[in-house]
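As structure tokens, the structure follows; a few thoughts come after it.
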Protein chains: 2
Amino acid sequence: MDNSLHDPFRTTFDSLDEFADLISQVLKCPITIEDANHRLLAYSTHDERTDPARIATIIGRRVPEKVINQLWKEGTIPALLKTREPIRVQTMNEIGLGNRVAISIWKNEEVLGFIWALEIDKSLSDKELYQLKKAADAVKNKLLQLQTRKNKKEERSQELFWKLLTGHLTSHDEILDHFRSLKITPSTSFVILVFQFQENINRKEEQYIMYLLKTIQRLKIILYTIDCDQLILLTSADQIKNLTEELDHFSQIFVGKMNERYKITGITPVYSGIYQDYQKIGKAYNETLTVLSIKSKFPAETKKMFSFQQLGIYQFFDLLLKSRQNNDYVNESLRKLHDYDHQHNSNLIKTLEVYLDHDSNLNDTAKQLNIHTNTLNYRLKRITEIAQVNLKEPNQKMMLYIDLKLEKYHV
Amino acid sequence: MDNSLHDPFRTTFDSLDEFADLISQVLKCPITIEDANHRLLAYSTHDERTDPARIATIIGRRVPEKVINQLWKEGTIPALLKTREPIRVQTMNEIGLGNRVAISIWKNEEVLGFIWALEIDKSLSDKELYQLKKAADAVKNKLLQLQTRKNKKEERSQELFWKLLTGHLTSHDEILDHFRSLKITPSTSFVILVFQFQENINRKEEQYIMYLLKTIQRLKIILYTIDCDQLILLTSADQIKNLTEELDHFSQIFVGKMNERYKITGITPVYSGIYQDYQKIGKAYNETLTVLSIKSKFPAETKKMFSFQQLGIYQFFDLLLKSRQNNDYVNESLRKLHDYDHQHNSNLIKTLEVYLDHDSNLNDTAKQLNIHTNTLNYRLKRITEIAQVNLKEPNQKMMLYIDLKLEKYHV
DNA sequence: TTCCTTTTTGGTGATTTCCACAAAACAGGC
DNA sequence: GCCTGTTTTGTGGAAATCACCAAAAAGGAA
């Protein structure tokens with residue numbers, strides 16, 4: 001029938017792969033179907049011509065991160081998220097991407113996925129582009145089904161995650177059973193990663209987050225959930241050499257992209273230590289909450305600290321602050337230095353603080369203060385005289401450092 | 001009468017000075033009368049011959065400390081405290097002491113004071129020594145009167161001291177009034193000094209203590225009292241350059257002499273910071289009690305710390321310990337190092353601790369550990385690798401130090 | 001045993017720290 | 001203004017630190 005010629009996709013099909021092959025046959029080019037997060041859903045096998053980007057996508061079952069990044073930068077993805085029309089992409093050799101056409105799959109106002117058609121030897125004609133659009137329309141219900149199935153699984157895994165976070169699962173075997181039933185391979189060591197947002201996360205932002213989590217492929221995320229203004233992740237720490245660096249990097253990318261792509265700012269990343277025992281997920285989660293709480297109290301000093309470990313002395317800061325305030329104790333040494341500074345317009349306190357901040361390194365300190373090394377030496381000598389302290393005693397030194405930092409919060 | 005010739009001292013006299021002159025006339029030599037604590041009570045003026053030690057005693061209204069020390073070492077004072085017979089002392093030029101005879105003044109089993117007779121040109125005959133003994137007997141009642149008068153004053157000053165220690169006197173003027181009425185000149189700055197004994201201080205020990213306090217002349221003691229197993233002193237901090245050193249020295253002498261002279265051991269000295277405001281005596285006292293409490297909890301690490309200031313980080317030690325135990329947190333870095341030490345029979349933990357104890361000084365640390373500097377350097381490099389820490393970050397370093405110390409108390 | 005890795009020790013030279021001394025700059029009081 | 005004491009900067013030399021390399025010693029696994 002003429003009708004069937006006009007729309008060859010008005011037919012039933014069992015699997016998405018079958019449908020990909022159908023499109024491929026009609027358009028005479030290799031076809032790939034992805035979900036909204038650039039995970040591979042199906043690909044045609046009928047046509048063996050392809051390019052490196054497509055191979056990588058099929059092998060990894062998702063579009064490589066650098067390809068996604070490039071497509072964002074260069075505008076393809078933003079365009080696909082706006083229009084229902086096909087978008088043509090020019091060859092980008094640096095990421096192994098040949099000429100192709102993409103179209104987004106829509107359900108109401110939401111993008112469910114994408115269809116990619118490689119233009120290996122020839123460009124698609126306008127008619128073929130129209131057919132592609134029809135294909136995108138035809139596939140949407142299938143994708144919707146997949147999505148709801150995935151949503152159900154997601155719900156179950158979120159439930160599991162919350163049980164773990166709140167410490168409701170105490171038996172190791174029970175936990176492993178849950179993982180198995182959700183087809184999650186548990187890792188031998190893990191880290192809890194929390195992103196604190198400035199405001200509660202709404203539906204739209206949640207989609208952005210999911211998109212980013214799926215497309216940033218640096219860390220393996222086992223479970224995730226959202227709680228008001230927090231994004232909580234359970235990530236695997238297996239086979240990562242420099243974990244701290246990796247976590248820092250991941251957080252930085254996440255925060256950076258949330259900002260540049262969606263203009264969401266003020267996200268604070270924080271992570272727990274590494275744990276092997278899944279019963280300790282609750283503990284790890286509490287650790288991150290503690291870090292967030294300390295960071296919110298002392299934002300300036302803890303700016304560059306993201307884990308409990310890194311907090312160092314700030315782990316105890318509110319405890320110390322409270323103790324000092326209760327005993328209304330003043331560090332005599334610091335008082336004397338303050339007095340001296342006041343009377344002589346000097347800045348011994350500042351000198352001491354910078355010196356201690358720089359781990360008693362003369363060169364660095366002098367450089368930071370823009371003074372001669374000998375001047376610094378002289379000042380330090382004066383400090384030991386006036387404050388009656390011995391800067392070679394780690395104990396006294398630490399107390400000075402801590403009291404210096406505490407002073408800033410004496411209201 | 002023959003009787004009066006035999007005992008020329010059976011007579012009444014108004015003042016002790018008058019009596020000293022009487023003895024001097026009878027024995028034909030200069031006479032000095034001291035109380036049990038070697039404070040000058042009276043001296044003869046009839047005979048102008050004398051020696052440097054006597055001059056110094058009269059000028060300072062007490063026997064100089066070094067003279068007392070010498071007389072203890074050389075056995076005179078211990079002998080005087082045992083026998084009621086006169087004791088002869090040979091010239092000791094190094095302390096300006098000429099030949100002389102001394103006798104102790106007894107009331108029942110207690111020594112109330114001493115009479116000194118200088119043998120400038122001639123030695124006292126046996127008859128004269130016998131007369132000296134009679135003089136000592138005659139003067140005892142006068143001394144007893146003085147003592148009870150002094151005791152009353154002491155009682156009043158102790159009462160004042162307790163009021164100050166417990167913070168019952170809040171008005172500055174009121175405090176000054178009390179001082180004036182007790183004829184005590186208040187100093188502009190003071191320190192509370194507490195000696196913690198191992199057991200309650202009994203009557204005999206109290207006498208020893210009073211004796212030592214009166215004879216150690218390094219610090220000016222304004223008020224003192226005894227509370228069960230504690231000796232509490234209010235000392236002036238005026239006109240002392242290096243107060244800490246002075247306090248350390250005083251404590252050391254006190255503890256040393258209590259041991260060598262009276263075999264009382266296990267005394268822990270402790271002192272407060274310097275305060276100007278007499279209303280803060282209570283605060284200063286509490287400070288010393290805190291120090292004592294911390295020292296009793298962590299005796300090994302706080303061995304050489306005697307003031308709150310010196311405690312440094314140990315000021316918070318029990319707070320930190322409690323916090324760590326509550327959160328059952330383990331420092332990952334230290335755990336890794338411990339693991340490594342265990343597996344490889346190494347001693348990175350020890351190395352790190354000594355290094356931190358020595359304020360990151362390579363030379364000192366290497367010397368203490370009996371290893372080559374390069375070995376130490378190598379180990380430190382390994383430590384940073386294994387523990388994943390940056391030893392140039394004061395924050396991390398401090399946390400390591402603190403956790404290292406805390407570990408020793410994880411039971 | 002040999003082989004391999006880890007650890008210790010030694011040596012060298014560039015850089016940094018520490019110390020003493022002195023000249024110059026500066027500030028405050030008179 | 002001048003005087004005095006404090007602060008800054010400069011110089012120079014001894015000691016310490018740091019970053020290398022390399023040889024020797026130790027310890028473990030095949």
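First the proteins, then the strands, lettered A, B, ... as listed; each starts at 1.
Between B:Phe254 and B:Phe250, the ring planes are parallel. Angles under 30° get that label, and only those over 60° would be called perpendicular.
Between D:dT7 and A:Thr375, no contact under 4.0 Å exists linking OP1 or OP2 to a side-chain N or O. Between B:Arg379 and C:dT7, a side-chain N or O to OP1/OP2 separation shorter than 4.0 Å is absent. Taking only side-chain nitrogens and oxygens, B:Asn361 comes nearer than 4.0 Å to OP1 or OP2 of D:dT17.
Picking from D:dC20, C:dT7, D:dT17 the nucleotide with the shortest atom distance to the side chain of B:Asn374 gives D:dC20.
Summarising the geometry, the separation between CD1 on A:Ile383 and P on D:dT6 is reported as 16 Å, rounded to the nearest angstrom. Going from atom CG of B:Leu391 over to atom P of D:dC18 covers 11 Å, rounded to whole Å. Going from atom NE2 of B:His358 over to atom C1' of D:dT17 covers 17 Å, rounded to whole Å. B:Tyr355 has its OH atom 6 Å from the P atom of D:dC18, to the nearest Å. To the nearest angstrom, P of C:dT17 lies 9 Å from NZ of A:Lys367. At whole-Å resolution of the value, CG in A:Leu362 and P in C:dC19 are 10 Å apart. Atom OH in B:Tyr378 sits roughly 7 Å away from atom P in C:dT6 (whole-Å rounding). Counting to the nearest Å, the C1' atom of D:dC18 and the CG atom of B:Leu376 are 12 Å from each other.
Among the protein residues, A:Lys392 comes within range of the sugar-phosphate backbone only, with heavy atoms under 4.0 Å from sugar or phosphate atoms but none that close to a base.
Heavy-atom neighbours of A:Glu245 CD from other residues, nucleotides or ligands within 6.0 Å: at or below the threshold of 12. Enclosure of atom NZ in B:Lys280 is not indicated, since only 12 or fewer non-hydrogen atoms of other residues, nucleotides or ligands lie within 6.0 angstrom.
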Intermediate values then yes/no, salt bridge (Lys or Arg N to Asp or Glu O under 4.0 Å), A:Arg324 and A:Asp403: CA-CA 9 Å; A:Arg324 274 283 191 259; A:Asp403 272 326; 2.8 Å; yes
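Of all heavy-atom pairs spanning B:Lys220 and B:Thr185, the tightest one is NZ-OG1, 3.5 Å.
Of the two residues near DNA chain C, A:Asp364 and B:Ile371, the one whose nearest nucleotide lies more 5' is B:Ile371. Map A:His344 and A:Asn363 each onto its nearest nucleotide of DNA chain C; the residue landing nearer the 5' end is A:Asn363. Take the nearest nucleotide of DNA chain D for A:His372 and for A:Arg382: the residue whose nucleotide is more 5' is A:Arg382.
Residue-to-nucleotide contacts include no donor-acceptor pair under 3.5 Å from the side chain of B:Asn345 to the base of D:dG27.
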